Amino acid sequence: MPALVQPARPSPRPHAMPSLIEQDHAAAAPAKQRRAVRARRAMAQREGMAIGIGSVVLFLLLWWAVTASGLVRSDLLAGPGAVLRAFVRLSEQGYRGTSLAQDAGATVGRCLAGFILAVLLGVPLGLLMGTSRIAAAAFNWIVQLIRPLPPLSYMVLLILWFGTNNGSKVALLFLTAFPIVASAAMAGVRGVALQRVLAARSLGASPAQLFAFVIFPSALPMILTGMSITLAAAFSTVVAAELLAANDGLGWLVLSAGRFLQNDVVLMGLILLGLIGLVLAALLRGLDRRLVHWRGRE
């Protein structure tokens, strides 16, 4: 019988090298995706800005309608025009011997002094407690004991120790902000992924390099989040402290105007406090975006 002839198998076709055009298209694809993501993000920001401005305008219109129609008496709720006139009057004449800029500067200065002092001392202590069990055992109970205390509960003691000047208020703000930022720093260190630490050690990183290039950058998002919470707590506390013992500041202005039933000045002070708080929070968010540019991309 004649031998069966096996059909010849086609030789494998060598992989063709991509052309220059294909390489250019492949390289341009990620760039197009990044541009599309940036465009969508910018569109979302513009939409959010438009919605926010629209809601503020709607609120002002409702406020004006309620007061202009007489639905609420003017001695109970001043209208937007009266509040604006009060702002212009106090900007030019001041209030009870202090200018409006002086009151705003006093409030912001006290807030930032206590906040910065708490960050300078609380962040290093929190990092130390996160990296050292001995430090955590020595300081964590004290920090957690101070943290839940109402800040105004020891205001009387601080007035007795430091008087009614700025020392008592800065000390109060420090005691308010310090345990929050220290706890955030400690939680940030303890939340570092173990894989990152082991990978750095396997590459021969020293303890100093491990802290500088792995632990601290990984804990930084939590630290900045804690700083945002701390700033809000400090700002609300400084206003409450000025309500108790102060002769200047926006909190003092609001309390003093309320005693004389000047509700237009009271509303003006409250709105100014809110605007200052928004500016401080926006500055801290900008610092967060600049320092932790990888947030959300891990």
Side-chain angles (χ1 to χ4, degrees), residues 37-112 115 225 227-244 246 248-289 296:
V37 170
R38 286 195 295 266
R40 288 194 297 268
R41 189 176 301 169
M43 180 65 69
Q45 290 177 353
R46 287 193 294 268
E47 290 178 354
M49 181 67 69
I51 294 173
I53 294 175
S55 63
V56 171
V57 172
L58 180 60
F59 172 78
L60 292 176
L61 290 176
L62 290 175
W63 180 15
W64 172 82
V66 168
T67 55
S69 63
L71 187 62
V72 179
R73 299 201 314 265
S74 60
D75 58 341
L76 297 178
L77 179 63
V83 173
L84 181 59
R85 288 191 296 270
F87 174 76
V88 174
R89 184 178 71 252
L90 267 65
S91 300
E92 296 175 349
Q93 303 174 5
Y95 183 80
R96 298 184 62 182
T98 59
S99 65
L100 187 59
Q102 180 181 348
D103 290 329
T107 299
V108 174
R110 291 162 184 158
C111 179
L112 292 181
F115 172 74
T225 301
M227 288 172 58
S228 299
I229 300 173
T230 300
L231 182 60
F235 191 72
S236 60
T237 303
V238 70
V239 174
E242 290 175 350
L243 294 176
L244 293 179
D248 60 357
L250 293 177
W252 165 82
L253 184 148
V254 169
L255 178 63
S256 178
R259 289 173 178 172
F260 295 100
L261 301 180
Q262 296 176 319
N263 59 3
D264 54 347
V265 178
V266 172
L267 290 174
M268 184 273 301
L270 294 176
I271 293 173
L272 193 56
L273 283 169
L275 293 176
I276 293 175
L278 286 177
V279 171
L280 293 177
L283 291 176
L284 196 55
R285 286 196 301 269
L287 180 65
D288 188 328
R289 287 193 298 267

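Atoms considered below: every heavy atom in the structure, side chains included; atoms not considered: hydrogens, waters and symmetry mates. Every value quoted in this text rests on a predicted model; they were computed, and no experiment measured them.
Rounded to the nearest 0.5 angstrom, L280 CG and R285 CZ are separated by 10.5 Å. Taking CD1 of I51 as the start and CZ of R46 as the end, the distance is 13.0 Å to the nearest 0.5 Å. The line from OG1 of T98 to CG of L90 is 8.5 Å long, rounded to the nearest 0.5 Å. One distance of note links OG1 of T230 with CZ of F235; it measures 15.0 Å at 0.5 Å rounding. Here the CG-CG distance, from L278 to L283, works out to 11.0 Å after rounding to the nearest 0.5 Å. In this structure, CH2 in W63 is found 14.0 Å from CG in L58, a value given to the nearest 0.5 Å.
Smallest separation of non-hydrogen atoms from G258 and V266: N-CG2, 3.6 Å. Smallest separation of non-hydrogen atoms from G52 and S55: O-OG, 2.7 Å. For A257 against V265, the heavy-atom pair with the smallest separation is CB-CG1, 3.6 Å. Closest of all the heavy-atom pairs between N263 and L77 is ND2-N, 3.4 Å. Counting all heavy atoms, side chain and backbone alike, L100 lies closest to S91 at CD2-OG, 3.6 Å. Residue I276 comes nearest to A104 through the heavy atom pair CD1-CB, 4.2 Å, listed as atom of the first residue, atom of the second, then distance.
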Next item on the list: Give the intermediate values and the outcome of side chain to side chain contact (heavy atoms under 4.5 Å, CB included) for residues L287 and L284.
Entry: CA-CA 5 Å; L287 180 65; L284 196 55; 4.2 Å; yes

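R96 meets the salt bridge (Lys or Arg N to Asp or Glu O under 4.0 Å) test with no other residue; sequence neighbours excluded. Judged as a ring pair (Phe, Tyr, Trp, His ring centres under 6.0 Å), and not counting sequence neighbours, the contacts of Y95 are W252. Residues passing the side chain to side chain contact (heavy atoms under 4.5 Å, CB included) test with L76 are V72, R73, sequence neighbours excluded.
Residues V239 and C111 form no side-chain contact, since every pair of their non-hydrogen atoms from C-beta on lies 4.5 Å or further apart. At a threshold of 4.5 Å between non-hydrogen side-chain atoms, the residues R110 and D248 count as touching. Taking the side chain as every heavy atom from C-beta outward, V57 and L61 approach each other to under 4.5 Å. M49 is not listed as a side-chain neighbour of Q45, based on a closest heavy-atom distance of 4.5 Å or more.
Under the 3.5 Å distance criterion, the side-chain polar atoms of S256 are left unmatched by any main-chain donor or acceptor of L253. Side chain of T107 to main chain of L250: a donor-acceptor pair is present (N/O by atom type, distance under 3.5 Å, no hydrogens or angles).
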